[in-house]
Amino acid sequence: MRERIKFWSALVSVLAILAMVAGCAGPSTPSGSPTATTSTPPPAKEIVIGVVAPLTGEAATFGKSTQQGAQLAADEWNAKGGLLGGKIKLVVADDKGDPTEAAAAFTRLIEQDKVVAIVGTVMSKCSLAGAPICQAKKIPMISPTSTNPKVTEVGDFIFRACFIDPFQGTVGAKFAFDNLGVRKAACIFDVGNDYTKGLSEFFRDKFIELGGEIVGFEAHPTGTTDFNAQLTKMISAGPELIYISDYYNDAGLIMKQARALGFKGYFLGGDGWDSPDLVKIGGDAVEGGFFTNHFSKDDPRPEVQNLVKAYTEKFGEPPDALAALAYDAANLLFDAINRAGTTDGPAVRDAMKAANFKAVSGQITFDANRNPVKAAVIIEMKNGQQVYKATVQP
Ligand code: PHE
């Protein structure tokens, strides 16, 4: 027994001496480098983070805003000294708004670029393609804006920075019923898109629960540009409001075509309307339309106004909800890595779960399904501009 103790204490002393020697040697320099003998510091360690967004395709303004929001967050962290002693490097991949492209982008970032975590992606249908890949590889993923409930249900490495569509649909239905006094509504949506289909269903169910009547529920295939068949049918049933859960490009066309068919009622939609291109596509038809969103740049809270200032200075345009949520998602992730003290996937996941983060779009803590519980805002389109109407708490 005593022999054993002696052996272990001798081993501990040897290790202690080795550790001291290693410590005295200072930072290691790249061997064979001509500057090895000078005092040049070693290249700073990089923390490589993936960003996936639709930079091209049916909703390209979403991708631009997302990339810019994440970039601003990384630049701010790097200006303050970086993360875990290294600089944050973002590698951005285009999912083109297509689930197959999204799966390829997630795989490429993980396998080739060796990212330690991913901010992305925007559309729920694309996040649903990327999430199983992150879950299998134990790479934490945080979608800034994918609101369909199924996204985080994929597994415990999947988070989001936004509220989910059962809440968004409820906020829309209550606004229509209580504030606009509507009793007859119709819905139109893209049947090939989990987000638009889900959101119309959540709106419908809540509107009926409130005592309203749904007089039309029309699906259209992805890529439709002529909505006259669906609109003619639903308008003939006499809705006072058309709920359009489509993204801005389709929503703009639908409003235009509905007005051309003589529809005089309200238009209401979801976060997918948030784009400077909505008015470019829909023109006057968008006037007086309402939509639910995550953020308004007119919110006077200092966090919002600081972002509006920094973002506008850097990119020459104010942030939309996608930019704000990408900024929030990236900051939340960097904060979790910082608290974890490592980029190890399971440790970052655990730090994310414990987050209590003051984000621009509201305080973020996660529920059991890794969804934040957050307020929504209602926006009205007036003179071609977004005008903040109200904040609705969960
Ligand atoms: N919520 C949309 C989706 O899940 C994406 C989106 C968010 C679009 C915010 C615009 C603004 O597909």
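When a ligand or atom number is given, it counts from 1 through the structure's own listing order.
Residue contacts with ligand 1: A321 is excluded, as none of its non-hydrogen atoms falls under 4.0 Å. Taking a 4.0 Å cut-off on heavy atoms, Y247 registers as neighbouring ligand 1.
Scanning the protein for heavy atoms near atom 4 (O) of ligand 1, the closest one is S124 OG, 2.5 Å. For atom 11 (C) of ligand 1, the closest heavy atom belonging to the protein is D271 O, 3.1 Å.
Each of S146, C162, S143 was evaluated against L325; a single residue qualifies, C162, per the side chain to side chain contact (heavy atoms under 4.5 Å, CB included) test. Of the candidates D98, D190, T196, D190 is the only one forming a side-chain hydrogen bond (donor to acceptor under 3.5 Å, both in side chains) with T222. Of the residues D274, D320, T145, the one that meets the side-chain hydrogen bond (donor to acceptor under 3.5 Å, both in side chains) test with S65 is D320.
For the pair Y195 and ligand 1, the shortest N or O to N or O distance does not fall below 3.5 Å.
With a heavy-atom cut-off of 4.0 Å, L322 touches ligand 1 through its side chain alone. Heavy atoms of W273 found under 4.0 angstrom from ligand 1: none, in either backbone or side chain.
Looking only at side-chain heavy atoms (C-beta outward), D246 and I254 come within less than 4.5 Å of each other.
Comparing T147, D165, L199, I164 by heavy-atom distance to atom 1 (N) of ligand 1, the nearest is T147.
N228 and D226 form a side-chain donor-acceptor contact under 3.5 Å, judged by distance and modelled atom types alone.
Using cut-offs of 30° and 60° on the angle between ring planes, the pair Y195 and Y247 is parallel.
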